[in-house]
Each structure stands twice: as C-alpha cells, then as structure tokens.
Amino acid sequence: MQMKINNENYEVITSQDITNIEKAVDKSTLAMPLVAVYCGSRVGNNDIYEQAARDLGQALAKNGLGLVYGGASIGLMGAVADEVIKGGAQAVGVIPTFMLKHEIAHQQLTRLHLTDTMHTRKTVMAEYADAFITLPGGLGTLEEIMEIATWRQLYQHEKPMIILNINGFYDRLIDHLKYTADQGFMKQEDLERLVVCNTIAEAIDLLHVVVKIDDDVDTETMAGN
C-alpha cells in the first residue's frame, strides 16, 4: 500500500511486513548509529524542555550519532530533529498514517516511514535504534519507554535505555519505579538498566561507552514478541 505526502509516494509498512523486520528496515546505507528519542509532541510550559531537545539534537550530531523518532515537525520531537539535521547527522522518522491528521510530518528527514499502526511504528523505531533516550513528554512518551524497558526485561534486546531527567521531570516516575522494585514487582537489575541522566553531557558520555560508533551494532528482532 502506498500513500502520497507532498507529492511523494511512500510505502506503508504494515504489521505483516514486520514479521521480517530486517527486510522492512534497511540499515545498510546508514552512515552512523541512530539513537531513538522518545519525547513530547508538545513543548511543555517551561522553555527548558525545548532547549534541552535542541541541545540533545546538537549533541547527537556533534558526536556522530543520528536520530530515529516519531517523525513529526512539532513539539520537542520537531526540535530535536531540526537540530540533528542542522548538524549534518541522519534523521529517520516513523509515523502512523492516522497520525498525519494530528501531526505534520517533518519534510527534511533522511528517511520517512509510514506505518499502519502504533505497534508497527514502535517496532520499526526499535529496530533502527542502537540506544534509547527519553526526554519529557506525555502519555505516549511514557508508554514508549516503558514498553522498551519491558522488552529488555523479557530479553528481546540489550540496547542502552536512558531517562534524561531534565528539570527533575521524571523524579516521581523514578520514585515509583523504585517503589515497584521495593514491593517485589520488578527486579532491581531491571530498574538499574533504566539509566537516569540529569544532563545531556552525562547521556552522551554513556553512549560513547556503550555504542561503538565505528562498529556494527547487533540488533534483535522484536516483531511478534
């Protein structure tokens, strides 16, 4: 199935396509590792959040890292993508077709993928990603980082997961996750795999340790799990 956006035809990746995810997602022509950034389609009520998104985009590009994200041109999503592109790094967007009614797809991406469902979107993003960073955001952002953490808990990937706790935004979530582990509903090791960084510099330093920029990064097939 195809869909036209701005006079360009795009193939829509479906749930059937991701049963063979490595065919649906071709990483062979990418020049750099990609970091999945989960963040809001809004900018929030404090300018510090948009500035953090822009600073993160600049830092990724400066350090030879590209971006895979939700594909929109608005909110923190658009801000981080704008800066990655300005910095000369690659940016891949993945957006479900129904979301085009609510979010405008970014027009300057290295690649834009359309998907049939949110689940397909998340699987495609996860396959592209060599690491995951979460900026402030709403329900969708929370759902994305919790799902990817659950996949890690179930041994579906071994990629680094970072919560970028800008302005203490995730303090309450972090406290709740600690309480969840204390109450025996989560292993301490699974909690510790969600690494909390309070600054972008901390996150970039961690990525340099765990993502070998000059080497291939093994990926795990997540479709159907």
Side-chain angles (χ1 to χ4, degrees), residues 34-61 65-85 91-96 98-106 109 112-113 115 117-126 128-152 157 159-178 180 191 193-204 206-207:
L34 301 185
V35 177
V37 176
Y38 300 135
C39 57
S41 59
R42 301 180 181 184
V43 295
N45 296 330
N46 189 324
D47 292 343
I48 195 173
Y49 301 128
E50 182 176 359
Q51 189 59 55
R54 294 194 180 279
D55 290 346
L56 176 61
Q58 292 168 14
L60 290 174
L65 297 165
L67 169 73
V68 58
Y69 81 117
S73 61
I74 58 176
L76 300 190
M77 296 169 69
V80 68
D82 285 345
E83 299 304 325
V84 166
I85 294 165
V92 175
V94 188
I95 189 167
F98 75 88
M99 290 295 291
L100 295 171
K101 299 176 184 177
H102 311 284
E103 298 178 358
I104 301 172
H106 204 293
L109 300 173
L112 175 64
H113 291 296
T115 66
T117 67
M118 290 291 285
H119 177 73
T120 304
R121 175 202 220 179
K122 289 181 289 183
T123 303
V124 170
M125 286 179 62
Y128 266 115
D130 295 304
F132 304 90
I133 291 181
T134 300
L135 282 167
L139 289 176
T141 302
L142 286 172
E143 189 269 341
E144 286 172 317
I145 188 57
M146 290 299 101
E147 181 164 28
I148 209 66
T150 301
W151 288 359
R152 178 63 185 90
H157 74 92
K159 303 174 186 180
M161 304 172 296
I162 298 171
I163 293 177
L164 195 46
N165 191 28
I166 300 298
N167 197 38
F169 183 84
Y170 284 113
D171 284 350
R172 294 166 184 82
L173 174 65
I174 294 162
D175 286 344
H176 178 70
L177 292 175
K178 290 178 179 177
T180 301
L191 174 62
R193 289 187 179 116
L194 269 172
V195 179
V196 178
C197 294
N198 293 311
T199 68
I200 291 167
E202 290 175 11
I204 295 297
L206 177 62
L207 290 178

Checklist entry - Where is the tightest heavy-atom contact between L135 and T141, given as atom of each residue plus distance? => result O-CG2, 3.5 Å
Checklist entry - More than 12 heavy atoms of other residues, nucleotides or ligands under 6.0 Å from CG of N45: is that the case? => result no
Next on the checklist: Set out, in order, the CA-CA distance, both residues' side-chain angles and the distance that settles side chain to side chain contact (heavy atoms under 4.5 Å, CB included) for T115 and M99, then state yes or no.
Outcome noted: CA-CA 10 Å; T115 66; M99 290 295 291; over 6 Å; no
Next on the checklist: So does A126 get a backbone contact from the side chain of K159, meaning a donor-acceptor N/O pair under 3.5 Å?
Outcome noted: yes
Checklist entry - Residues in side chain to side chain donor-acceptor pair (under 3.5 Å) with T117, at least two apart? => result T120
Checklist entry - Looking at R121 and V94, what are the two nearest heavy atoms and their distance? => result NE-O, 2.8 Å
Checklist outcome for this item: For E202, the salt bridge (charged side-chain N to carboxylate O under 4.0 Å, His left out) test, sequence neighbours excluded, returns none
Checklist entry - Got a sec, which residues hit side-chain contact (heavy atoms from CB on, under 4.5 Å) with T180, two or more places apart in sequence or on another chain? => result H176, F185, M186
Checklist entry - About how many Å separate CD1 of I145 and OH of Y38, when rounded to the nearest 0.5 Å? => result 6.5 Å
Checklist entry - Side chains of L60 and I204: does their closest heavy-atom pair fall under 4.5 Å? => result yes
Next on the checklist: Measuring from atom OH of Y128 to atom OG1 of T123, what distance do you get when rounded to the nearest 0.5 angstrom?
Outcome noted: 13.5 Å
Checklist entry - salt bridge (Lys or Arg N to Asp or Glu O under 4.0 Å): which pairs involve residues 131-142, sequence neighbours left out? => result none
Checklist entry - Looking only at heavy atoms, what is the nearest atom pair of L109 and L112, with distance? => result CD1-CD1, 4.0 Å
Item to check | Any V35 side-chain heavy atom under 4.5 Å of I162 side chain | outcome: no
Next on the checklist: Checking H106 against D82 for the side chain to side chain contact (heavy atoms under 4.5 Å, CB included) test, could you report, in this order, the C-alpha distance in whole Å, the side-chain angles of both residues, the deciding distance, and whether it holds?
Outcome noted: CA-CA 9 Å; H106 204 293; D82 285 345; 2.7 Å; yes
Checklist outcome for this item: salt bridge (charged side-chain N to carboxylate O under 4.0 Å, His left out) filter on E50, not counting sequence neighbours, yields R54
Checklist outcome for this item: Residue set satisfying side-chain contact (heavy atoms from CB on, under 4.5 Å) with R42, at least two apart, ordered chain then number -> none
Item to check | Minimum-distance pair of heavy atoms, taken over all atoms of L164 and A203 | outcome: CD1-CB, 4.3 Å
Item to check | Heavy-atom donor-acceptor pair, N165 side chain to N198 backbone, under 3.5 Å | outcome: no
Checklist outcome for this item: By ring pair (Phe, Tyr, Trp, His ring centres under 6.0 Å), F169 pairs with (sequence neighbours left out) Y49
Checklist entry - Given the rule in the side chain to side chain contact (heavy atoms under 4.5 Å, CB included) test, do V84 and V37 qualify, once you have shown the distances and angles that lead to the verdict? => result CA-CA 11 Å; V84 166; V37 176; over 6 Å; no
Checklist outcome for this item: Applied to residues 139-152, the salt bridge (Lys or Arg N to Asp or Glu O under 4.0 Å) test, sequence neighbours excluded, yields K122-E143, K122-E147
Item to check | L177 side chain near I174 side chain, heavy-atom distance below 4.5 Å | outcome: no
Atom pairs and distances, side-chain donor-acceptor, residues 66-79, under 3.5 Å, sequence neighbours left out:
{"residue": "Y69", "atom": "OH", "partner": "A72", "partner atom": "O", "Å": "2.8"}
{"residue": "S73", "atom": "OG", "partner": "I104", "partner atom": "O", "Å": "2.9"}

Item to check | All side-chain contact (heavy atoms from CB on, under 4.5 Å) counterparts of I48, not counting sequence neighbours | outcome: N46, I166, N167
